[in-house]
Colleague: 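Here you go, one structure.
Order of the sequence lines fixes the chain letters, A, B, ..., with proteins taken first and strands second; residue numbering starts at 1 for each chain.
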Protein chains: 2
Amino acid sequence: MTNAHDEIFRTLADPTRRAIFERLCREGEKTVAALTAKAGVSQPVVSKHLAALKRAGLVRDRHQGRQTHYSAEFGALAPLVDWANEMTSFWEKKFDALEDLLKRMDQ
Amino acid sequence: MTNAHDEIFRTLADPTRRAIFERLCREGEKTVAALTAKAGVSQPVVSKHLAALKRAGLVRDRHQGRQTHYSAEFGALAPLVDWANEMTSFWEKKFDALEDLLKRMDQ
DNA sequence: CTCATTCATAGCTCACCAGCTATACGCCAA
DNA sequence: TTGGCGTATAGCTGGTGAGCTATGAATGAG
């Protein structure tokens, strides 16, 4: 398999989309109109980005009358953090191995 | 400004490129030829991806004779982790606020 | 019912980029 | 120097996707 992280990375790679996600994280639930007001792009584009974020599991939507409220999905970034920590841990293991080697050379 | 995270996200969004970075993290320093052998794409493509990773500060290169050795750059993922933790912290603050609200309602 | 409002979808265009092949560049060996 | 090897660059092509406008669908107001 290509990693499950694939969709998360690809979804967050677009600046406009990531900015929308950031706003939802910082300011909580927002309607499409509210997001569009400061997104710098047209409403259909915002809707498209929100659909992409939803597909990636990064946001959830709640319908109320004519409006759709979007909010950030808690824990959605966990896989990303886990992956980054895993990558970093490999470096640390290498440094540990180097340390061991140096210790053995000291003896 | 568009965030500094922009280049990191964009660079890691491509599966082939991210796979190359992962290998460098897991297995340490590798030559272009060694990376190409298992990358599933041609050597020029691998070189191009490595150049992109270098531009993003994710890898470093070391020239030795005809070969170029690439390795993952320690700490390169820190901004990404910081960003994710920041986003997550907003959720937690909201939960704290909700807790406070519920406490006040109890009184 | 009729109209306005809010959002989603359709359909298009344009720019970007991942992939390729061909080739240039740099370095070692003979 | 000549040739072969490892890597980088040039130049092209196809596919993907972000943006737009126009329009459809659903709901609330009057």
Colleague: Considering only D/dT21, D/dA8, D/dT7, which nucleotide approaches the side chain of A/P44 most closely?
Modeller: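 Looking only at heavy atoms from C-beta outward on A/P44, the closest nucleotide is D/dT21.
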Colleague: How is B/T68 classified with respect to the nucleic acid when contacts are heavy atoms under 4.0 Å: base, sugar-phosphate, or nothing?
Modeller: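 Contact class for B/T68: sugar-phosphate only.
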Colleague: Once the angle between the rings of A/W83 and A/F9 is folded into 0 to 90°, is it parallel (under 30°), tilted (30 to 60°) or perpendicular (over 60°)?
Modeller: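 If you compare the ring of A/W83 with that of A/F9, the planes turn out perpendicular.
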Colleague: Could you tell me the separation between the CZ atom of B/R55 and the P atom of C/dA18, rounded to a whole number of Å?
Modeller: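 After rounding, the gap between these two atoms is 9 Å.
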Colleague: Hey, which sits more toward the 5' end of DNA chain C by its nearest nucleotide, A/H69 or A/K48?
Modeller: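 Looking at DNA chain C, the more 5' nearest nucleotide goes with A/H69.
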Colleague: Using whole Å, what does the distance between atom P of nucleotide C/dC7 and atom CG of A/L50 come to?
Modeller: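 So the two atoms are 10 Å apart, to the nearest Å.
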Colleague: Consider the side chain of A/S47, meaning its heavy atoms from C-beta on, and name the nucleotide among D/dG17, C/dA18, C/dC7 that approaches it most closely.
Modeller: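 The listed nucleotide nearest to A/S47's side chain is C/dC7.
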Colleague: I need the NE2-P distance between A/H63 and D/dG28, as an integer number of Å.
Modeller: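 One finds 13 Å between P of D/dG28 and NE2 of A/H63, rounded.
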Colleague: Would you kindly give the CZ-to-P distance between A/R62 and C/dT6, to the nearest whole Å?
Modeller: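 For the pair A/R62 CZ and C/dT6 P, the rounded distance is 16 Å.
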Colleague: Tell me which nucleotide among D/dG19, C/dC7, C/dG19 gets nearest to the side chain of A/H49.
Modeller: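 My answer, after comparing the listed nucleotides, is D/dG19.
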Colleague: Phosphate oxygens OP1/OP2 of C/dT6: is one of them under 4.0 Å from a side-chain N or O of A/Y70?
Modeller: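 No, outside the criterion.
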Colleague: For B/Q64 and D/dC5, give me the distance from atom CD to atom P, rounded to whole Å.
Modeller: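 In whole Å, D/dC5 P lies 19 Å from B/Q64 CD.
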Colleague: Check this one for me: any side-chain N or O of B/T31 less than 4.0 Å away from OP1 or OP2 of D/dG6?
Modeller: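 No, outside the criterion.
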Colleague: May I have the list of side-chain donor-acceptor pairs in residues 37-44 of chain A shorter than 3.5 Å, sequence neighbours left out?
Modeller:
{"from": "A/Q43", "atom 1": "NE2", "to": "A/S47", "atom 2": "OG", "distance (Å)": "3.1"}

Colleague: Between C/dG26 atom P and B/Q67 atom CD, what is the distance in whole Å?
Modeller: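 Checked: the CD to P distance equals 17 Å.
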Colleague: Would you kindly check whether a donor in the side chain of B/R66 faces an acceptor in the base of D/dT7, or vice versa, at under 3.5 angstrom?
Modeller: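 Absent.
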Colleague: For the pair made of CG in A/D61 and C1' in C/dC7, what is the distance, rounded to whole Å?
Modeller: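 That distance rounds to 11 Å.
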Colleague: Heavy-atom count around A/R23 CZ within 6.0 Å, excluding the residue itself: above 12?
Modeller: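 Counting neighbours around CZ of A/R23, more than 12 heavy atoms of other residues, nucleotides or ligands fall under 6.0 Å, so yes.
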Colleague: Categorize B/V45 for me: base, sugar-phosphate, or nothing, with a 4.0 angstrom heavy-atom threshold over every strand shown.
Modeller: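 Base, at least one base heavy atom under 4.0 Å.
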Colleague: Hydrophobic clusters here meaning ILVMFWY residues chained together by side-chain heavy-atom distances under 4.5 Å, can you tell me if A/V81 and B/L77 are in one?
Modeller: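 Shared cluster, no.
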Colleague: Does B/R60 pair with B/E29 as a salt bridge, N-O distance under 4.0 Å?
Modeller: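 Looking at B/R60 and B/E29, the cut-off is not met.
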Colleague: Among the nucleotides D/dA8, C/dG19, D/dT21, which one has an atom lying closest to any side-chain atom of B/Q43?
Modeller: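 It is D/dA8.
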Colleague: Which sits closer to the 5' end of DNA chain D, A/G40 or A/G65, going by the nucleotide each is nearest to?
Modeller: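 Nearer the 5' end of the strand: A/G40.
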Colleague: Over how many whole Å does the gap from B/L53 atom CG to C/dA18 atom P extend?
Modeller: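 It works out to 11 Å between those atoms.
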